[in-house]
Structures are given as structure tokens and as C-alpha cells.
There are 2 protein chains.
Amino acid sequence: MPENHYHRFFELFATPLRIEIIKQLKDNGSMNVTQICQALGEEQSKVSHNLKRLLMCNIVRVNQRGNFRYYELNKDTILPLLQLIDRHVETWCKECQLERRRKWV
Amino acid sequence: MPENHYHRFFELFATPLRIEIIKQLKDNGSMNVTQICQALGEEQSKVSHNLKRLLMCNIVRVNQRGNFRYYELNKDTILPLLQLIDRHVETWCKECQLERRRKWV
DNA sequence: CAGGCATATGAATCAGAAATCATATAGTGT
DNA sequence: ACACTATATGATTTCTGATTCATATGCCTG
């Protein structure tokens, strides 16, 4: 990835649904699409579309068993990444306005 | 930041301009707005708007000298973060389609 | 091979964030 | 106080990516 495409990578983590999917996989190991849908109360095609994005850059892997496709997190790189963010946020974003979205005042 | 706001953080790195700004600050240490604008050939208000987003979550800091506001990167957390991404990309995204945006096939 | 799941895909629409542009604020030197 | 520069802000428009919905593909079982 040329340096100027960093943002494409971060983009993958920049939506709530994909983050939720990642959390599910982090907690539960390996899940098929239906399981993810149920766990999140989200629609199948929506989840599939988003899994595709995650798959694209090896944030998740997939392996098929019969009719099902089991997705799992690429923990090697993703877990440390999330940890790093946690640390930053812990130290620097204590009262930062990440949550309140009304306006970026 | 509650866990479910991760994406707000990543969002900050998910645009080419902000990445360019970050790279400038990484390379040049401390720059005022005009310098950044010139370095990137971008418009002032555009840059200011984006710096604001970065400032919000301590990705950059600012300190004022006279009429100028000098921005610098919060290297402690941001550099390791970028490094981590580099590693992931190096290992996993060698021939992944991050750059070609036509379609996510 | 037919029927039924599980999942993927494509096209159209929708939403939200970035760019734009006009204007405001704030510091500086006279 | 005035003119000037540097930067910030707000409102509007523009774009891009996410959602939606309809449909396709693929596997499995009788």
C-alpha cells in the first residue's frame, strides 16, 4: 500500500457496524454470517457487504464448512491495533468529544 | 471513549487530506497553518477544518506564537500506530486492492 | 434434479462527512 | 483606533460510502 493509501485502511474501522462485527469475532472466535446477524440484530446482506470489506484487507479470514462460511478475526495484527487505540484514548481522550456528535465545537 | 466509539477515532485517519497533514507534521515537526497549506497546496479553511478534527482527539497539539498557530503531531501514540499499520499492510495487503477503488471486487 | 437454506452480489437510494465559500475573530504593528 | 495578516467558523453544496432491496449463486438433502 503506498503511504498515501493509509486512509483506505483506517476507513475499514471507521464504521460502527464493522467495529461491532470485529468485536463479535474477537469475543466469539469464529462465527458464520447468520450468527453474526443474529448477535447484532442486523440484516444479512448488510453484514455480508461489510464482511467483504473486512476480508479484502485480511482483517478477517473466512473458511467454508458446507453451507456456512465461518469468519474469524486476524488477531495477530488487529488485537494489538485495538489495544493501541485503547491506550491512546485512555490517556488523551478522557473528556474528548468523540461520543457527542451534535457538533464538533 | 466507550468501546462502541472506536470508529470515531479511526474516522480521523480515514481521509487522504488528514493523512497528508499528519505526514507533514511527522516529517517537519511543527508547522503553522499557512505552512501546511503551502506544503500541500490546499486551501486554508479546508486545512483548518481538518486540523480541528485532529485536535479534538489529541492527535495533534497546537501552540500559539503571535499571530501563528503551530501544530505538531502527538508522536507518542500516533507514530507507533502508523508503524503497526505499516506492518499489517506489509504482511497482509501486498496485493490487496486498497488502491484501486473502482470496485471492491 | 428439485427445493431449501446460507451467503453473495448489483443497482438504487440515502446519509453523513468533506469541500467550499463567505465571513468572523484575534493578534500585531502603526 | 485602523489596517493587515493568520486562522477559525458557519452554512451550503458536493461526494462518497453505507444501506436497502431484489436477485443470484452455491451447497446440501431428499
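A, B, ... follow the sequence lines: proteins, then strands. Residue 1 opens every chain.
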Novice: Under 4.0 Å from any atom of DNA chain C, heavy atoms only: list the residues of residues 27-41 of chain A that qualify, in numerical order.
Specialist: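 Contacts with DNA chain C under 4.0 Å: A/Asn32, A/Val33, A/Thr34.
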Novice: Test of understanding: with salt bridge (charged side-chain N to carboxylate O under 4.0 Å, His left out), list the residues that count as partners of B/Lys75, not counting sequence neighbours.
Specialist: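 In terms of salt bridge (charged side-chain N to carboxylate O under 4.0 Å, His left out), with neighbours along the sequence ignored, B/Lys75 is linked to no residue.
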Novice: Taking ring pair (Phe, Tyr, Trp, His ring centres under 6.0 Å) as the cut-off, I'd like each qualifying pair that reaches into residues 43-71 of chain B, sequence neighbours left out, listed once.
Specialist: none
Novice: Which residues satisfy the salt bridge (charged side-chain N to carboxylate O under 4.0 Å, His left out) test with B/Glu72, sequence neighbours excluded?
Specialist: none
Novice: Figure out the CG/C1' separation between A/Asn50 and D/dT19, and round it to whole Å.
Specialist: 9 Å
Novice: Excluding sequence neighbours, so at least two apart, what forms side-chain hydrogen bond (donor to acceptor under 3.5 Å, both in side chains) with B/Ser48?
Specialist: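 Only B/Gln44 meet the side-chain hydrogen bond (donor to acceptor under 3.5 Å, both in side chains) criterion with B/Ser48.
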Novice: List for me each residue that meets side chain to side chain contact (heavy atoms under 4.5 Å, CB included) alongside B/Asn28, sequence neighbours excluded, and say none if there are none.
Specialist: B/Gln24, B/Met31
Novice: Ring pair (Phe, Tyr, Trp, His ring centres under 6.0 Å): which pairs involve residues 17-40 of chain B, sequence neighbours left out?
Specialist: none
Novice: Please report the distance, rounded to the nearest Å, between CG in A/Leu51 and P in C/dA6.
Specialist: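 Answer to the nearest Å: 16 Å.
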Novice: Figure out the CD/P separation between B/Glu11 and C/dA15, and round it to whole Å.
Specialist: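 Computing the B/Glu11:CD to C/dA15:P distance gives 17 Å.
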Novice: Tell me, please, which residues at least two apart from A/Glu43 pass salt bridge (charged side-chain N to carboxylate O under 4.0 Å, His left out).
Specialist: none
Novice: Send over the distance from B/His7 NE2 to C/dA17 C1', rounded to a whole Å.
Specialist: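 Roughly 12 Å, once rounded to whole Å.
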Novice: Between atom CZ of A/Arg18 and atom CD1 of A/Ile59, what is the distance when rounded to the nearest 0.5 Å?
Specialist: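 Those atoms lie 8.5 Å apart.
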Novice: Are side-chain N/O atoms of B/Asn74 and B/Arg61 paired as donor and acceptor at under 3.5 Å?
Specialist: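 Yes - a donor-acceptor pair under 3.5 Å links their side chains.
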Novice: Keeping to residues at least two apart or across chains, list the ring pair (Phe, Tyr, Trp, His ring centres under 6.0 Å) pairs with something in residues 11-42 of chain A.
Specialist: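 Found A/Phe9-A/Phe13, A/Phe13-B/Phe10.
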Novice: Find the distance between CG (B/Leu17) and CG (B/Leu51) and round it off to the nearest 0.5 Å.
Specialist: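 The distance works out to 8.5 Å.
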Novice: Has A/Arg8 got a side-chain N or O lying under 4.0 Å from the OP1 or OP2 atom of D/dG17?
Specialist: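 So the side chain of A/Arg8 is within the cut-off, an N or O lying under 4.0 Å from OP1 or OP2 of D/dG17.
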Novice: What one-letter contact string describes nucleotides 24-30 of chain D from 5' to 3', where B marks a base within less than 4.0 Å of any protein heavy atom, S marks contact via sugar-phosphate atoms alone, and - marks no contact?
Specialist: --BBS--
Novice: With each end axis built from five pairs of C1' atoms, what bend angle do you get for the helix from C/dC1-D/dG30 to C/dT30-D/dA1? Round to 10°.
Specialist: 30°
Novice: Tabulated below should be each protein N or O lying under 3.5 Å from an N or O of nucleotides 20-24 of chain C; please produce it.
Specialist:
unit_1: C/dT20; atom_1: O4; unit_2: B/His49; atom_2: NE2; d: 3.3
unit_1: C/dC21; atom_1: N4; unit_2: B/Ser45; atom_2: OG; d: 2.9

Novice: Indicate whether the side chain of B/Asn32 and that of B/Arg69 have a donor and an acceptor atom separated by less than 3.5 Å.
Specialist: no
Novice: For B/Tyr70, which contact category applies under a 4.0 Å heavy-atom criterion: base, sugar-phosphate, or nothing?
Specialist: nothing
